[in-house]
Structures are given as structure tokens and as C-alpha cells.
Amino acid sequence: MIQDEYETDPHYREAVRRLSAEFGGRLPRKVVARTVLDARRDLEGRIMPEAMAEMLHHLAHHRLGAVIGEARAR
């Protein structure tokens, strides 16, 4: 599974932990983890490695907010 290759990535793990806490009760952890994984893959090779933690959190946070916004609009 692709997610397994990122399980040891501290940036991935920390983003999932923080965003699961923030979005808990509104989105399942599985949705958070998948969103962080997709964001991690989109950012890989496009940004400086030292910016990964911050950019990963921001991009995944933005995408999770959009998911909630879409759900509210229905």
C-alpha cells in the first residue's frame, strides 16, 4: 500500500496526528490520512525539503476545510 511508505515519514505522521485532532468529530481519521497522503505526494519534489512539514500541513488543512465546506453546501 502506498500509504505504508509514508508511515515512517515524520512529516506525514505529524500532519495526520494534528489534523485528526483538529477535524475529529467532523471527518474520520481515514479521510484525514488519505488527504495528507495525497497532499504529500503532490508536494514531493516541488518544494524545498525543509518546507515540507509546514506546506504539508497547510495544503492538507485547506483540502480538509474544502471537504467540510462541500458537505455543508449539500
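Worth saying up front: this structure is predicted, and the values here are computed from it rather than measured.
Among pairs with a residue in residues 24-33, those fulfilling side chain to side chain donor-acceptor pair (under 3.5 Å) read S20-R29, at least two apart in sequence or across chains. Counting only residues at least two apart or on different chains, no ring pair (Phe, Tyr, Trp, His ring centres under 6.0 Å) pair has a member in residues 26-46. Within the structure, ring pair (Phe, Tyr, Trp, His ring centres under 6.0 Å) contacts touching residues 30-49 (residues at least two apart or in different chains) do not occur.
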Query raised in the report: Hey, mind stepping through R13 and D9 against salt bridge (charged side-chain N to carboxylate O under 4.0 Å, His left out) and telling me if it holds?
Result: CA-CA 6 Å; R13 287 193 331 258; D9 175 17; over 6 Å; no
Requested in this report: Take E14 and R17 through the test salt bridge (charged side-chain N to carboxylate O under 4.0 Å, His left out) and record every step on the way to the result.
Outcome: CA-CA 5 Å; E14 180 64 13; R17 185 190 67 75; 2.6 Å; yes
Would you list the atom pairs, donor with acceptor, under 3.5 Å between side chains in residues 48-70 and any protein atom, with sequence neighbours excluded?
from, atom 1, to, atom 2, distance (Å)
H61, NE2, E22, OE2, 2.6
R63, NH1, D42, OD2, 2.9
R63, NH2, D42, OD2, 2.8

